[in-house]
Number of protein chains: 2
Amino acid sequence: MRPSKRDELVQKALDAFYRNGFHATGMDMLVAETGISKTSMYKHFRTKDDLILAVLRLRDERFRNWLYRRMEDLADTPKGQLIAMFDALGEWFEEQGFKGCMFIKASSEYQEPTNPIHMQSADHKRLLEQHFTALAADAGYKNAAALARQLLLLKEGAIVTAHLGHTDDAAKDGKEAAIALLAAHG
Amino acid sequence: MRPSKRDELVQKALDAFYRNGFHATGMDMLVAETGISKTSMYKHFRTKDDLILAVLRLRDERFRNWLYRRMEDLADTPKGQLIAMFDALGEWFEEQGFKGCMFIKASSEYQEPTNPIHMQSADHKRLLEQHFTALAADAGYKNAAALARQLLLLKEGAIVTAHLGHTDDAAKDGKEAAIALLAAHG
DNA sequence: CTCAATGTTTACTGATCGGTACAGTTTGTT
DNA sequence: AACAAACTGTACCGATCAGTAAACATTGAG
């Protein structure tokens with residue numbers, strides 16, 4: 001099995017969906033942008049939704065890998081990494097082509113809680129929360145779970161605010177708030 | 001001029017767009033749901049986007065009125081109102097039919113920063129930030145603007161997290177974080 | 001070389017998209 | 001009663017939607 005075409009499709013579809021949105025990106029547009037035939041697409045994925053699920057799977061893997069690694073590179077203590085998350089987010093916000101969180105957008109376009117796309121987006125956030133909880137516990141915080149959830153609120157809020165583009169530096173605001181939260185949980 | 005039909009259309013379109021999303025709600029679906037003829041719709045609004053802008057205008061007015069009033073009802077000091085915001089949000093999250101923030105969803109479906117729908121969504125957040133800043137200043141906080149922006153991050157994060165539905169009580173997490181932030185700002 | 005898997009092109013389906021044309025009906029005012 | 005404004009129903013436009021059919025080309029392994 002040589003699934004290289006399939007991977008290529010998922011990767012290029014990720015770009016298109018991230019740039020244009022899910023409903024606004026038709027399969028014909030994907031054909032035009034990826035150079036892959038529609039017949040081939042539907043050999044790999046039975047429906048557009050299945051393709052979207054594969055795209056979200058790739059995005060989850062890539063994003064979490066990138067974020068976790070960047071946090072580790074920027075700080076060596078668990079507490080430092082939780083703070084450094086907002087520096088990493090700041091770098092992301094500055095990237096050209098930044099268009100917010102793909103999972104927030106996915107859950108915005110597929111709202112029903114039972115929709116697989118919605119559920120998979122929720123899974124992504126759950127994994128983030130678990131990672132933050134582990135870091136907070138490592139750092140010795142008493143109520144690590146609550147602290148992690150609060151930091152997650154700041155992270156999601158910073159992404160949304162940065163995408164709305166009405167704030168100069170949502171990452172900096174998030175970082176300062178995170179530092180205050182960590183001190184309060186001290 | 002009797003704009004009652006127009007108002008009725010905007011109000012019912014708000015419900016439909018909030019429930020189904022913007023791209024996923026076609027004009028024919030609006031005809032079916034509102035009972036208003038398509039011809040009449042296009043007499044009031046030249047395009048679907050114009051209708052969406054009117055819907056967002058109504059949503060902004062209703063939501064801010066509701067939130068500000070609820071905050072005032074739940075607390076009588078400016079500081080207390082900032083905290084009570086998260087109790088108000090918690091009530092909202094519990095409402096049947098809660099589907100997240102309409103402006104976050106609008107900016108997710110119309111991503112280009114120059115798109116009027118995106119810009120109007122950003123305006124809504126700006127007005128919220130101004131209100132929070134005024135409250136923080138009234139409460140005597142030194143860096144009222146920064147505090148307001150941080151609280152806004154918590155609010156947006158709580159809404160997104162509640163909509164993703166992976167957390168039991170995003171409002172409670174937001175409230176506890178807000179209390180900690182207020183304490184940190186002395 | 002051969003065979004089978006995987007890919008391609010082209011054309012197509014029925015449904016739906018946003019938006020319009022047009023003729024007829026309801027409604028409020030005088 | 002009469003008139004105009006507002007609204008309705010129906011039918012339509014070209015474009016696009018997700019998805020399929022069928023015939024042909026490319027490729028890699030035995």
Side-chain angles (χ1 to χ4, degrees), chain A residues 1-57 105-106 108-112 114-118 120, chain B residues 1-57 105-106 108-112 114-118 120:
Chain A
M1 185 179 313
R2 279 281 74 73
S4 80
K5 268 286 176 203
R6 186 194 142 114
D7 291 353
E8 184 190 343
L9 167 61
V10 174
Q11 175 179 324
K12 290 185 175 173
L14 196 163
D15 293 342
F17 283 134
Y18 185 68
R19 232 183 313 112
N20 304 331
F22 296 95
H23 282 104
T25 302
M27 297 304 280
D28 292 293
M29 182 186 296
L30 287 181
V31 171
E33 282 205 27
T34 66
I36 297 171
S37 68
K38 205 195 283 197
T39 313
S40 189
M41 290 182 181
Y42 279 97
K43 281 240 169 67
H44 288 298
F45 302 99
R46 280 177 39 257
T47 63
K48 182 185 181 184
D49 282 12
D50 281 352
L51 172 58
I52 292 176
L53 286 173
V55 163
L56 292 181
R57 221 131 38 209
K105 297 191 292 186
S108 292
E109 294 204 43
Y110 303 89
Q111 307 197 73
E112 315 83 37
T114 61
N115 185 303
I117 295 175
H118 191 101
Q120 194 166 309
Chain B
M1 187 180 311
R2 279 281 73 73
S4 80
K5 269 283 176 204
R6 186 193 143 114
D7 290 353
E8 184 190 343
L9 166 60
V10 174
Q11 174 179 324
K12 289 185 175 173
L14 196 164
D15 293 342
F17 284 132
Y18 185 68
R19 232 183 312 114
N20 304 331
F22 296 95
H23 282 104
T25 303
M27 297 303 282
D28 291 294
M29 183 187 294
L30 286 182
V31 171
E33 282 206 27
T34 66
I36 296 172
S37 69
K38 205 195 281 199
T39 312
S40 189
M41 290 182 183
Y42 278 97
K43 281 243 168 67
H44 288 300
F45 301 99
R46 279 175 41 256
T47 64
K48 183 186 180 184
D49 281 12
D50 281 354
L51 172 59
I52 292 177
L53 286 173
V55 163
L56 292 182
R57 221 132 37 210
K105 296 190 293 186
S108 292
E109 295 203 43
Y110 303 89
Q111 307 197 72
E112 315 84 35
T114 59
N115 185 302
I117 295 175
H118 190 102
Q120 194 166 310

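Computation of the quantities below employed the complete heavy-atom set of this structure, encompassing side-chain atoms and omitting hydrogens, waters and symmetry-equivalent molecules. Letters A, B, ... are given to chains in the order of the sequence lines, protein chains preceding strands, and every chain is numbered from 1.
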What is the per-nucleotide protein-contact pattern of nucleotides 18-26 of chain D, from the 5' end, where B denotes a base atom under 4.0 Å from a protein heavy atom, S denotes such proximity for sugar-phosphate atoms only, and - denotes neither?
SBBBB----
Roughly, in whole Å, what's the span from CZ in Phe45(B) to C1' in dG18(C)?
16 Å
So, using ring pair (Phe, Tyr, Trp, His ring centres under 6.0 Å) as the criterion, who are the partners of Phe45(B) when residues are at least two apart?
none
Give the rounded distance in Å between these two atoms: NZ of Lys5(A) and C1' of dG28(D).
15 Å
Rounded to whole Å, please give me the gap between CG in Leu30(B) and P in dT16(C).
15 Å
Can you name the residues that form a side-chain hydrogen bond (donor to acceptor under 3.5 Å, both in side chains) with Asn115(B), not counting sequence neighbours?
Glu112(B)
Mind checking whether His23(B) and Tyr110(B) have ring centres under 6.0 Å apart?
yes
side-chain hydrogen bond (donor to acceptor under 3.5 Å, both in side chains) partners of Lys43(A), counting only residues at least two apart
none
Quick one: is Ser37(B) getting a side-chain N or O under 4.0 Å of the dG9(D) phosphate, OP1 or OP2?
no
Taking only residues two or more places apart in sequence or in another chain, which ones pass side-chain hydrogen bond (donor to acceptor under 3.5 Å, both in side chains) with Gln120(A)?
none
Return each pair, listed once, that meets salt bridge (Lys or Arg N to Asp or Glu O under 4.0 Å) where at least one residue sits in residues 30-42 of chain B; pairs must be two or more places apart or across chains.
Arg19(B)-Glu33(B), Asp28(B)-Lys38(B)
When the distance from CD1 of Ile36(B) to C1' of dA6(D) is rounded to whole Å, what number comes out?
12 Å
Measure the distance from CE on Met29(B) to C1' on dA15(C) and round it to the nearest whole Å.
13 Å
